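Residue numbering restarts at 1 for every chain, and letters A, B, ... go by the order of the sequence lines. Quick caveat: nothing in here was measured; it's all calculated off a predicted structure.
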Amino acid sequence: MDYVWHFGIVWDYRLVFVRGAGITALLTLYSTLIGVSLGLLFGLFRSSNIVILRWPAAVYIEFFRATPVLVQLVWIYYSLPILTGLQMSGIASVSVGLGLHAAAYFAEIFRAGIASIDKGQWDAARSIGMGYGKAMWRIILPQAVRRMVPPFINEFATLIKLTTLGSVLAVYELLHEANNLINNTYRPLEIYTVLALAFAVLIYPIILLSQRLERYWKTNS
Amino acid sequence: MIEVRNLHKYYGTLHVLRGIDVDIAKGEVFSVIGPSGSGKSTFLRCLNFLEEYQEGDVRFDGRLVGYRETVGKRLRAGAGSIAALRTRMGMVFQSFNLFSHKTVLENVMEGPVIVQKKPRGEVRTMALDLLAQVGLSEKAEQYPSKLSGGQQQRVGIARALAMQPEVMLFDEPTSALDPELVGEVLDVMKSLATGGMTMVIVTHEMSFAREVSDRVMMMDEGVVVEIDRPEVIFGSPRQARTADFLRRVVH
């Protein structure tokens, strides 16, 4: 192969990448916030012994796990406005769509984490007079969170990668910016290579952090 | 102080407590013995409603535990009133159940500060006193996983005592311990008994039960076989089942 690489072109357009990365970060932030808060709620509901909470949570979780994210996103962007008249911007659509999607996975992480805590911890919390809320918040969740960190980080990293689906809804995140750039420069090899590296640079520190946290908690409990 | 009348407990179709009747007086040290599966622990857990019971009454200071009585039927008591009742009964578990994400001192302070809402400084002083009482002052800042089983169980006792309970419930407190660590836990319990604490103790430590108890209850298959003073139970039991059981465990 005698292809001549011109990475200089990427450097010339570096601001485009920075702009795209900003949108990617924003989409990740919004969808994580939505996903974690709804996920905690659904996770608690699904762990509950109250049927009218548990059942809808289970349906939600299984539905979102059983349908493709891309379909969920285009449905929110194209079908929801027709049904409700509610037209969200691309960024809002992607944030809400990915948030709802991630909520199903975060819910399972919360549920499994809570279920993994020994029943004796509940007994002890109840025996000193704690109700469900206090026991959950002060005794069960803090211990469960430590076990949730690895799968949580995993899901977070997945979410960052899923933001590239925003390109389909004309959101100017990293992949969309890269595609535009390729249309102008005809340099797909360099640009896609740098794009892949950019994601690796974004995501690897997060994985590293999770490993550090795991080790820290192992020595401090 | 505790009155139990015709107490029945089912796990599904399994009938684990089949009509228990007993009164436990203030200041009494009351031990429960019997083969495993006889319902001893379930009985104990019904006293502070960690287990629901389906029939009969458990009363603490005259108040029905876990249910409220209305005309004609009984309903489950509100979560708040069940929790309030539990603060008056300390409980010590076979597997310690210390909060593993909290230090020894935090374990002891958790109940008084968070549940009873006492001032933190005052609770801290009391907690350190309690830890000194169980011989663990130097472990206050350690996490439970750094402690031996015997030390963990002594923290468990201190945690229960921190609520200043009117009665202490012990659920096989030494069964999970290595033999050489049993003594240190029994010593703490003995000094509590001497101090006049009302105690209900489910145990396999027969010589301990004999030494500290005012009365001993022998259970088998969900019923009370007999209740008597320890000299009688361990010396000349009235029931053949008690004699059989003791012959098997005390050799």
Taking atom [atom1] as the centre, does [X] end up with more than 12 heavy-atom neighbours from other residues, nucleotides or ligands that are less than 6.0 angstrom away?
{"X": "B:Arg124", "atom1": "CZ", "answer": "no"}
{"X": "A:Arg65", "atom1": "CZ", "answer": "yes"}
{"X": "A:Arg212", "atom1": "CZ", "answer": "no"}
{"X": "A:Tyr132", "atom1": "OH", "answer": "yes"}
{"X": "A:Ile52", "atom1": "CD1", "answer": "no"}
{"X": "B:Arg59", "atom1": "CZ", "answer": "yes"}
{"X": "A:Tyr78", "atom1": "OH", "answer": "yes"}
{"X": "A:Tyr204", "atom1": "OH", "answer": "no"}

What are the residues of residues 88-123 of chain A, in order of number, with any heavy atom under 4.5 angstrom from a heavy atom of chain B? A:Asp118, A:Lys119, A:Gly120, A:Gln121, A:Asp123
Who in residues 30-39 of chain A is close to chain B, using a strict under-4.5 Å heavy-atom cut-off? none
Report the distance from atom CE of B:Met89 to atom OG of A:Ser127, rounding to the nearest 0.5 Å. 11.0 Å
To the nearest 0.5 angstrom, please state how far the CD atom of B:Glu110 sits from the CD1 atom of A:Ile128. 5.5 Å
Where on [X] is there a heavy atom nearer than 4.5 Å to chain A: the side chain, the backbone, both, or neither?
{"X": "B:Ile114", "answer": "both"}
{"X": "B:Arg45", "answer": "side chain"}
{"X": "B:Phe99", "answer": "both"}

Mark yes or no for whether B:His101, through its side chain, and A:Arg138, through its backbone, hold a donor-acceptor pair below 3.5 Å. yes
On a heavy-atom basis, the closest approach of A:Gly129 and B:Ala83 is O-CB, 3.3 Å
For the interface with chain A, which of B:Leu50, B:Thr103, B:Thr87 has the highest count of heavy-atom pairs at distances below 4.5 Å? B:Leu50
Min side-chain heavy-atom separation B:Ile82-A:Arg126 under 4.5 Å: no
